[in-house]
A.B. asks: 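Quick one: this structure, given as structure tokens, is what I'll be asking you about.
Below, chains carry the letters A, B, ... as their sequence lines are ordered, and counting in each starts from 1.
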Amino acid sequence: MTRSTKQVIGQFLTEAVEEARKKLDMDVIPPIYFELPKEKSHGDISSNISFLIASKLGIPSTKVADTILENLVSKIQQSPLFNKVEAAGGGFINFFLNPGAFYPVLLQIDEEGEKYGCSDVGGGRKVLVEFVSANPTGPLHIGHARNAAVGDVLANILRACGFDVNREYYLNDVGSQVEALGKSLKSRYMQLLGEREVDVEYKGEYLVELSRELFEKGERQYKDRGVEFFANYAVKRIREGIEKDLEDFGVFFDCWFSEENLHSSGSIRKAVSLLEEKGLVEFREGAKWLKSTEFADEKDRVVIRSDGSPTYLAADIAYHYRKFNDGSDRLINVWGADHHGYIPRLKAVIEGLGFSPDALDIVLIQLVKLRRSGKPVSMSTRAGEFVTLREVIDEVGKDSMRFFMLMRRSNAQLDFDLELAKRQSMENPVYYVQYAHARICSLLSFADENGLRLRKAKDVQCELLREKEELDLIKVLSFFPEVVEGSARSLEPHRLTGYLQRLASSFHNFYDRLRVVGEEEEKALARLALVKAAQITLQNGLRLLGISAPEKM
RNA sequence: GCGCCCGUAGCUCAGUGGAUAGAGCGGCGGCCUCCGGAGCCGAAGGCCAGAGGUUCGAAUCCUCCCGGGCGCGCCA
């Protein structure tokens, strides 16, 4: 049903409850909200308001329901939207709608087109989504892929809901890891020049390739260059690789923010002294500590080491200060779940800086347990034997991989067997959804070839759509905006993949039982308009997921 | 030891405090003279890890407990 239909129901029920309130001698009404019954016999939409009132007043819920119903029936009868309303299940109030209540959604989809599903609940508020942010010390692996997919789709969804979204990658291009990377590359390079083997911390094949690259460029000429040179070279080249991998995965950023920039610009000193001025920093044991225990953290944290250098947290203070100062109203950080222990101190930082800790949401991405033919595969960057994002894209394809990564709650671990994904690729849910779209395209062109010209939904006799498959499909189509909104509110993109499977299922069902071409013309045209609406909705959903909607497969 | 996440069908997982807990895969049985069979339909499969509690109502919230994963640095 469309938003306006829901508003009418809400208004009727509110009025009826208000009248019941007087009769039952109650002062305040609990908030009224609706739910969609799972069971068809429970109507199209229902309310549990009677239970809430009953428990407040200590009277039977059936009595409350009856009282509300008395006032409701007359209103219902005046409106063509309703078939009937009843009290059932000990107090639920169930509304049964006429098919006519659902048809307006077809007009809405037709009018809104690719905007169907969008809303303005975000009110133009500025949101910064920071995701992936993998250290540039090696190629992205499968775990980063999940982070990338979730962050990207969250950003898409929030944008569709009227937020002003920016996507950002925080590049940790300084520090001990980068130094170790430089040392490792230098060792590889020296090996090529015939030096004896030394300890290499990053053992991946990619560094061997980079060293060859350097050798081909200048043979022995980098022999006397310092570790910093090799570190810079490695970071630059690895970052380019990461960028390319993400591009092929359909993920783009508005900004790649360099940690080095925070160090060289003096932002870190500034941010730390701001906290000092607020009395939130303490000098102790030769170091500067953030008194994060004054907020919700379990212990204080070092921000400036005894050697005077800033910690990672110090950089994060400056980084998040900048995020807010650049005008973001809200921050979303997508992190690997192994960083969850870091949340309280970052929230403390934000509170210390004078912002609300609620303005930061952290979406944790649980581990992807990768298997190859059932055998666990290590994913440590340093072990040098991991399965990269690149390999998996090449193996199972971007669309399939994105869908897979988005099918489960980010909060739960994900089992991903490469052989299985390959073997089952033809039965992968993404194909099921895409197939529905391809089928529609094929059907639309077949209809056109047979002289059936697609009409605007408003010029079609919707009331001819009375079969249960048709009504079911229309109803599912009508949920789409709420699903998008719900995903945005809960920051759970997996709801969208679930919805698209449901939508595809409804369409396949419709398609299998009913025909379009060959029916009496007006009915065929009405069905054609319905099919078109399904196509638009599938396209919109797939677009949000960053997955293609192929016309042929 | 302390903290966070997860335990739901044989497997992988959905499930805003609501009514008879769902889907896909696997297995079983059906459906192509027909717009794409990468599809559709049907049956089977469950003590929602376990025990208490809150509630008119709990897979969902609270406490405890058992299993699995991950964290508890002047690393990043």
Side-chain angles (χ1 to χ4, degrees), chain A residues 33 35-39 41-42 46-48 50-52 54-55 58 60-62 88-92 94 135 137 172 174-178 180 259 285-289 298-299 301-307 309-316 336-344 364 366-367 369 404 407-417 420 424-429 431-432 434-436 438-447 449-450 452 482 486 489-490 492 494-495 497-498 501-502 504-505 507-519 524 527-528 531 552-553:
Chain A
Y33 57 94
E35 46 199 85
L36 302 172
K38 285 181 265 190
E39 187 64 33
S41 62
H42 296 149
S46 74
S47 169
N48 64 349
S50 326
F51 291 105
L52 304 179
S55 70
S61 51
T62 46
F92 289 100
N94 299 335
N135 289 341
T137 52
N172 302 121
V174 290
S176 57
Q177 297 189 112
V178 171
E259 182 187 351
E285 300 156 40
K288 286 186 182 175
W289 298 71
E298 54 181 5
K299 46 180 145 177
R301 310 289 174 178
V302 171
V303 286
I304 305 292
R305 300 187 187 92
S306 37
D307 69 358
S309 64
T311 60
Y312 183 80
L313 181 62
D316 248 356
D338 52 341
H339 290 85
H340 73 262
Y342 197 77
I343 296 174
L364 291 178
Q366 286 287 349
L367 205 67
K369 280 204 277 186
F404 227 90
M407 271 173 66
R408 321 250 124 107
R409 261 157 56 244
S410 334
N411 230 353
Q413 292 190 7
L414 172 68
D415 251 50
F416 191 64
D417 191 306
L420 205 66
Q424 290 187 339
S425 65
M426 290 320 232
E427 302 142 35
N428 192 308
Y431 290 88
Y432 182 78
Q434 289 180 319
Y435 183 61
R439 242 182 177 179
I440 288 171
C441 293
S442 165
L443 171 51
L444 289 176
S445 64
F446 183 85
E449 285 161 21
N450 284 270
L452 212 52
E482 284 175 57
R489 203 178 11 254
S490 60
E492 290 181 346
H494 77 278
R495 295 187 188 197
T497 51
Q501 288 178 84
R502 168 114 189 263
S505 168
F507 173 74
H508 286 311
N509 228 301
F510 160 87
Y511 181 88
D512 215 70
R513 242 255 307 148
L514 305 169
R515 292 186 60 79
V516 176
V517 179
E519 286 290 336
R527 284 185 180 163
L528 205 58
V531 168
K552 286 191 172 113
M553 296 173 68

A.B. asks: With distance as the sole criterion, do the side chain of A:D338 and the base of B:G71 form a donor-acceptor contact below 3.5 Å?
C.D. replies: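 Side chain to base: no pair present.
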
A.B. asks: Assuming nearest nucleotide by heavy-atom distance, tell me which of A:E35 and A:Q366 is located more 5' along RNA chain B.
C.D. replies: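 The residue closer to the strand's 5' end, by nearest nucleotide, is A:Q366.
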
A.B. asks: Whether A:R409 contacts B:C6 is assessed here as follows: a side-chain N or O lying under 4.0 Å from the phosphate OP1 or OP2. Is that the case?
C.D. replies: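 True: A:R409 side-chain N/O within range (under 4.0 Å) of B:C6 OP1/OP2.
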
A.B. asks: Tell me whether the OP1 or OP2 atom of B:A38 has a side-chain N or O from A:H508 closer than 4.0 Å.
C.D. replies: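 No, A:H508 has no side-chain N/O under 4.0 Å of OP1/OP2 on B:A38.
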
A.B. asks: Evaluate whether the aromatic ring of A:Y435 and the six-membered ring of the B:G39 base sit under 5.5 Å apart, centre to centre, with an inclination under 30°.
C.D. replies: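 Aromatic stack with B:G39 absent for A:Y435.
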
A.B. asks: Considering only the C1' atoms, how many Å lie between B:A44 and B:G27, rounded to the nearest integer?
C.D. replies: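 Taking atom C1' in both B:A44 and B:G27, they lie 9 Å apart.
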
A.B. asks: Considering only heavy atoms and no angle criterion, is a donor-acceptor pair shorter than 3.5 Å present between the side chain of A:S176 and the base of B:C75?
C.D. replies: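 No.
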
A.B. asks: Can you see if the side chain of A:K369 gets near the phosphate of B:G68 - specifically, an N or O under 4.0 Å from OP1 or OP2?
C.D. replies: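 Checking B:G68 against A:K369, no side-chain N or O comes under 4.0 Å of OP1 or OP2.
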
A.B. asks: Give a yes/no on whether any side-chain N or O of A:N450 is located under 4.0 angstrom from OP1 or OP2 of B:C35.
C.D. replies: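 Checking A:N450 against B:C35: no side-chain N or O falls below 4.0 Å of OP1 or OP2.
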
A.B. asks: Is A:D316 side chain donor-acceptor paired with the B:A76 base, going by distance under 3.5 Å alone?
C.D. replies: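 Looking at the base of B:A76, it does not pair with any donor or acceptor on the side chain of A:D316 (distance under 3.5 Å).
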
A.B. asks: Compare side-chain N and O positions of A:R305 against OP1 and OP2 of B:C75 and report whether any pair is under 4.0 Å apart.
C.D. replies: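 Checking B:C75 against A:R305, a side-chain N or O does come within under 4.0 Å of OP1 or OP2.
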
A.B. asks: If you take atom types as modelled and just measure distance, does the side chain of A:H340 reach the base of B:G3 with a donor-acceptor pair under 3.5 Å?
C.D. replies: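 Check passes, donor-acceptor contact within cut-off.
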
A.B. asks: Do any side-chain nitrogens or oxygens of A:R301 fall under 4.0 Å of OP1 or OP2 in B:G73?
C.D. replies: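 It does not, given that no N or O in the side chain of A:R301 lies less than 4.0 Å from OP1 or OP2 of B:G73.
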
A.B. asks: Taking only the side-chain nitrogens and oxygens of A:Y432, find out if one of them lies under 4.0 Å from OP1 or OP2 of B:C40.
C.D. replies: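 True: A:Y432 side-chain N/O within range (under 4.0 Å) of B:C40 OP1/OP2.
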
A.B. asks: Ignoring backbone atoms, establish whether A:K38 has a side-chain N or O less than 4.0 Å from OP1 or OP2 of B:U20.
C.D. replies: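 No, because none of the side-chain N or O atoms of A:K38 sits under 4.0 Å from OP1 or OP2 of B:U20.
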
A.B. asks: Between B:A23 and A:S505, counting only base atoms on the nucleotide and side-chain atoms on the residue, is there a donor-acceptor pair under 3.5 Å?
C.D. replies: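 It does not, because no donor-acceptor pair links the side chain of A:S505 to the base of B:A23 below 3.5 Å.
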
A.B. asks: For a 4.5 angstrom cut-off between non-hydrogen side-chain atoms, does A:Y511 reach A:V516?
C.D. replies: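 A side-chain contact is absent here, since even the closest heavy-atom pair is not under 4.5 Å.
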
